[in-house]
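One structure is given below, encoded as structure tokens.
In what follows, chains are A, B, ... by sequence order, proteins preceding strands, each numbered from 1.
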Amino acid sequence: MLYGIGMVSFLNTITMKQISLVWLRRDLRLDDQAALYHALKNETNVLPLFIFDTTILNLLPNKFDRRVDFIHQVLSDMKKELDAINSSLLVEYGDPIDVFSELIDRFTIKAIYTNRDYEPTAIARDESVKKLVESKGIAFKTFKDQCIFEQSEIVKDDGSPYSIFTPYSRKWKSKLNDFYLKSYPCKKYYHHFYQGDDFKFPDLESLGFSKTDIVYNKFVLSREIVRHYDKTRDFPALKGTSRASMHLRFGTISIRKLARYALDYNETYLNELIWRDFYMMILYHYPKIVRHSFKADYDKIPWLNNEKDFKAWCEGKTGYPIVDAGMRELNTTGFMHNRVRMIVASFLTKHLLIDWRWGEAYFAEKLDDYDLSANNGGWQWAASSGCDAVPYFRIFNPEEQTKKFDPNRAYIRKWIPELDSLDYPKPIVEHKFARERALNVYKKALAG
DNA sequence: GGCCCCTTCGG
DNA sequence: CGAAGGGGC
């Protein structure tokens with residue numbers, strides 16, 4: 001009897017097709033995708049896998065999360081595309097280590113292909129998965145896909161990483177050539193996709209989440225916006241930015257495609273893409289910045305961290321219209337124009353002397369395009385604690401920023417309809433007083 | 001064996 | 001694009 005059961009599972013194993021997995025994470029597309037390309041080129045029976053990672057999902061306080069809904073919609077589209085070529089998509093739910101333990105028993109897996117992620121927790125996760133699968137004789141192969149240049153590809157002549165953007169970007173541009181921007185021609189090897197069984201696709205509710213107002217559409221970059229980017233990007237009332245951030249975050253657009261556009265049409269736009277590479281590189285080399293100031297001295301600042309002020313900032317009730325408009329845009333849509341992100345971050349860290357970590361955590365919760373490297377970089381830039389940050393004595397004046405970048409107050413009025421009524425709050429702190437206070441607190445902390 | 005040219009190939 | 005490698009001389 002025991003012999004019989006063993007025999008059945010033995011037969012199942014040897015008759016089962018050997019497959020290779022492409023573990024999708026923030027690269028949710030089937031074209032110009034590095035890991036997918038290499039898997040399809042080198043292997044047969046290639047099956048894409050996505051894991052709804054409970055170690056991430058369990059930390060999301062709001063079950064109406066646009067990001068989870070977005071991923072779910074993207075995967076649903078992808079599955080249709082794969083179904084159409086008689087292939088499939090494997091979607092799992094759980095801690096990746098447990099999921100892979102289970103998959104190793106369920107399938108005969110030859111190799112796992114995936115694209116590198118540079119966040120410390122992702123690096124640790126991938127290390128432990130690699131250890132697990134390699135102990136079972138399964139290859140674990142990783143590729144560069146998220147950025148143009150990663151890790152130590154752009155370093156100073158002595159091999160050390162840059163911490164100043166301008167020389168970094170110069171080196172970046174000098175190293176760039178068409179080959180780095182070339183699209184990975186995945187379609188050429190589509191016949192190597194796994195053929196056969198259809199795998200169950202979970203609905204959003206079974207993952208513990210609910211439908212939101214987000215609708216996923218394939219991202220189309222506007223050539224006109226990129227062409228005029230340098231002239232329009234700072235005006236939040238205009239449609240002057242590419243709105244690519246969420247697609248870059250989840251990989252529904254290829255960075256190479258955007259960089260080709262940028263190179264052809266607008267240098268300023270290209271620089272913004274280089275900032276993205278720069279901050280990913282910085283996070284890779286200095287993972288301590290997740291919790292600590294890049295410039296250690298700045299962790300000596302005695303933040304006031306007034307809860308009432310923080311709440312007013314979060315809710316868009318500081319009495320500073322440009323700040324409040326930004327926060328309301330964020331709370332309502334999950335997005336905030338980048339010029340306004342800088343203004344609200346400067347206001348929180350300098351006017352209110354609230355720890356940049358509080359602001360960053362709030363953005364992490366609310367931004368649909370939230371990305372650790374870019375957000376940490378942006379917050380530490382505004383707080384002056386970061387690499388190549390704004391100097392501490394440069395404090396954005398909200399009124400001056402408004403005059404320059406929202407002169408007709410069109411953006412402000414869009415988000416604050418009650419602006420001219422008594423319902424709109426008085427400023428929670430006076431600008432001149434707050435500015436002097438910030439200067440004194442920063443100066444004293446950095447001197448001591 | 002050494003050099004040059006041309007093709008291939010990598011991310 | 002630029003490096004590497006094969007073939008011809």
Item to complete: Measure from CZ on A:Arg256 to C1' on B:dG10 and round the result to the nearest Å.
Response: 13 Å
Practice prompt. Would you mind reading off the distance between A:Phe149 atom CZ and C:dC1 atom P, rounded to a whole angstrom?
Written response: 14 Å
Practice prompt. For A:Asp27 and A:Gln33, work out which heavy atoms get closest and say how close.
Written response: O-NE2, 3.2 Å
Worksheet item: Could you give the CD-to-P distance, from A:Glu150 to B:dG10, as a whole number of Å?
Response: 17 Å
Discussion item. Applying a 4.0 Å non-hydrogen cut-off, can you work out what A:Phe143 is touching in the nucleic acid: base, sugar-phosphate, or nothing?
Written reply: nothing
Worksheet, complete the sentence: Residue pairs passing the salt bridge (charged side-chain N to carboxylate O under 4.0 Å, His left out) test with at least one member in residues 239-254 of chain A, sequence neighbours excluded, are none
Discussion item. Given A:Phe396, which partner from the list A:Ile322, A:Ile343, A:Val344 fulfils the side-chain contact (heavy atoms from CB on, under 4.5 Å) test?
Written reply: A:Ile343
Practice prompt. Send over the distance from A:Leu176 CG to C:dG2 P, rounded to a whole Å.
Written response: 11 Å
Worksheet item: Whole-Å distance between B:dT8 P and A:Lys41 NZ?
Response: 14 Å
Practice prompt. Using the six-membered ring for Trp and the full ring for Phe, Tyr or His, decide whether A:Phe179 stacks on the six-membered base ring of B:dG10 (centres under 5.5 Å, planes under 30°).
Written response: yes
Item to complete: Check the distance between C:dC1's P and A:Lys175's NZ and give it to me in whole angstrom.
Response: 17 Å
Worksheet item: In whole angstroms, how far is the P atom of B:dC9 from the CG atom of A:Asn42?
Response: 13 Å
Discussion item. Before we go on, tell me: are the rings of A:Trp313 and A:Phe347 under 6.0 Å apart, centre to centre?
Written reply: no
Practice prompt. Could you tell me the separation between the NZ atom of A:Lys144 and the C1' atom of B:dG10, rounded to a whole number of Å?
Written response: 11 Å
